[in-house]
Amino acid sequence: MQAISSLSLFLYEKLLVVIAHAGENKDITATYTYSFQDQKTIQHLIETEAIFNAPNTVGKLYVHHQKFTLVPTSLFNPSQGARYLSFATEVNELEESVTYTGVSNNTIQILGMANKNLIDSLDKKLPELEITHGAAHVLGFFLTQTKDLLNQELFIHASPDCMYLAAFNEGELNLFNRFIITDEAAFLRYLFTFIQQMAFDRTHCKIRFFGNPEWLHTNMDNMELYFKNIHLITPTQNVSYLKGAESFMNTQLLEAFWQQKIVS
């Protein structure tokens, strides 16, 4: 634990991923994954797990959930964060704090919510931890993959029982959203709706799928029945591992291959 220089945390609806970085290069030295069913379990993990009691205070937490929105930085006023979010989702400022993070060379602000009790628990262990919505991680990755796009492209980021979906038209981001996926029918319904909204030709538009299709209750054989230009792609890797930690890539999670750089 002494070698840890920072932590990256990724909180999904039922999964918490903790990545320990070491040294100036932020190499991944260890990873921890925890399944849970409620917020009390997360609080218990923070209180008891050794990784949260290591001598380190720096890192970043990405909270994945449905409460987020995108705002152009040119129109963004930090003091109006709750107001922006209220157009997209219910906001409870007594229980949640507004977060915002710039992506795409800070031209887009991603606003989200973080539970205040969670923030308080983490602040006791990691007082320098930055908190942002998980969409900042996913969209930040998508926007690094836009060289030589076709006229009609969709990007899918899969994680357990949910997906982010982005549509690019003529190389420009037009739509971006997150959906809870309970079965294959839900996955297909959201994908067809996106294609219809964009007026894309589903037999020709290119679809890049990142992650494990099983998380969305589907597989490549079934998807290829509906989409003729769909590709399962391993994310571009910008992280490095210390020996013995590379098995984390077997999870197929985006954070096992690509992470926003933490400046400490």
Side-chain angles (χ1 to χ4, degrees), residues 10-17 33-39 41 62-70 85 87-90 110 112-113 133-143 145-146 149-169 172-235 250-258:
F10 299 84
L11 180 61
Y12 299 90
E13 278 81 0
K14 301 296 181 182
L15 180 70
L16 172 63
V17 178
T33 57
Y34 307 96
S35 298
F36 61 90
Q37 294 299 318
D38 53 42
Q39 291 293 318
T41 304
Y62 297 90
V63 186
H64 291 278
H65 54 65
Q66 302 303 95
K67 294 186 174 184
F68 77 97
T69 192
L70 277 60
L85 276 165
F87 291 112
T89 186
E90 183 179 347
I110 297 184
M113 308 293 295
H133 193 279
H137 183 241
V138 176
L139 184 57
F141 169 72
F142 282 172
L143 293 173
Q145 307 297 302
T146 57
L149 288 180
L150 301 180
N151 290 342
Q152 299 180 356
E153 291 218 22
L154 295 175
F155 285 25
I156 297 171
H157 166 274
S159 56
D161 295 320
C162 60
M163 72 171 174
Y164 288 93
L165 189 55
F168 292 87
N169 190 13
E172 297 292 328
L173 177 68
N174 277 218
L175 289 174
F176 178 73
N177 212 337
R178 183 178 192 263
F179 304 99
I180 300 297
I181 305 299
T182 56
D183 52 34
E184 187 177 49
F187 164 69
L188 292 172
R189 182 170 63 252
Y190 288 126
L191 192 48
F192 281 133
T193 299
F194 243 57
I195 290 172
Q196 184 177 26
Q197 283 184 275
M198 293 299 302
F200 281 0
D201 182 345
R202 70 177 176 89
T203 62
H204 292 96
C205 72
K206 184 176 181 179
I207 302 175
R208 307 190 196 198
F209 192 109
F210 301 92
N212 186 346
E214 292 183 4
W215 290 332
L216 305 185
H217 312 283
T218 188
N219 56 65
M220 284 301 295
D221 287 341
N222 286 0
M223 288 189 288
E224 287 173 347
L225 295 175
Y226 302 97
F227 312 105
K228 303 305 180 185
N229 195 11
I230 187 167
H231 305 269
L232 185 60
I233 299 175
T234 300
N250 295 333
T251 65
Q252 301 183 56
L253 291 164
L254 175 61
E255 51 266 32
F257 299 89
W258 190 91

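Keep in mind that the numbers below use all heavy atoms, side chains included, and drop hydrogens, waters and symmetry copies.
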Taking all non-hydrogen atoms of both residues, which atom of [X] and which atom of [Y] are closest, and how far apart?
X	Y	result
S159	L216	O-CD2, 4.0 Å
P213	N219	CB-CA, 3.9 Å
L253	P160	CD2-CD, 4.4 Å
T203	K228	O-CB, 3.6 Å
T218	N222	OG1-CB, 4.0 Å
I110	A136	CD1-CA, 3.4 Å

Main-chain N/O of [Y] paired to [X] side chain as donor or acceptor, under 3.5 Å:
X	Y	result
Q152	H204	no
D38	T41	yes
R202	F192	no
Q66	R178	yes

Can you tell if the side chain of [X] reaches within under 4.5 Å of the side chain of [Y], non-hydrogen atoms only?
X	Y	value
M223	L191	no
F68	L139	no
Y226	L188	yes
Q252	T234	no

Atom [atom1] in [X], atom [atom2] in [Y]: separation rounded to 0.5 Å?
X	Y	atom1	atom2	result
C162	K14	SG	NZ	12.0 Å
F227	I207	CZ	CD1	5.0 Å
H231	E224	NE2	CD	9.0 Å
L11	H65	CG	NE2	8.5 Å
T193	F179	OG1	CZ	7.5 Å
N174	M198	CG	CE	4.0 Å

Apply side-chain contact (heavy atoms from CB on, under 4.5 Å) to residues W215 and I181 and explain how you reach the verdict. CA-CA 8 Å; W215 290 332; I181 305 299; over 6 Å; no
Does the side-chain contact (heavy atoms from CB on, under 4.5 Å) test come out yes or no for T33 and V17, once each step is laid out? CA-CA 5 Å; T33 57; V17 178; 4.1 Å; yes
Go through the steps for Q145 and F142 under the test side-chain contact (heavy atoms from CB on, under 4.5 Å), then give the verdict. CA-CA 5 Å; Q145 307 297 302; F142 282 172; 5.7 Å; no
Parallel, tilted or perpendicular for F10 and H64, by the 30°/60° rule? parallel
Aromatic plane relationship, Y62 with H137 - under 30° parallel, 30 to 60° tilted, over 60° perpendicular: tilted
Crowded around Y34 OH? As in, over 12 foreign heavy atoms under 6.0 Å? yes
Going by the ring-ring contact (aromatic ring centres under 6.0 Å, His included) test, name the single residue among F155, Y164, W258 that passes it with F141. W258
Applying side-chain contact (heavy atoms from CB on, under 4.5 Å) to L254 and F210, what does each step give before you reach the verdict? CA-CA 8 Å; L254 175 61; F210 301 92; 5.7 Å; no
Do you know which of T182, D161, D183 makes side chain to side chain donor-acceptor pair (under 3.5 Å) with H217? D161
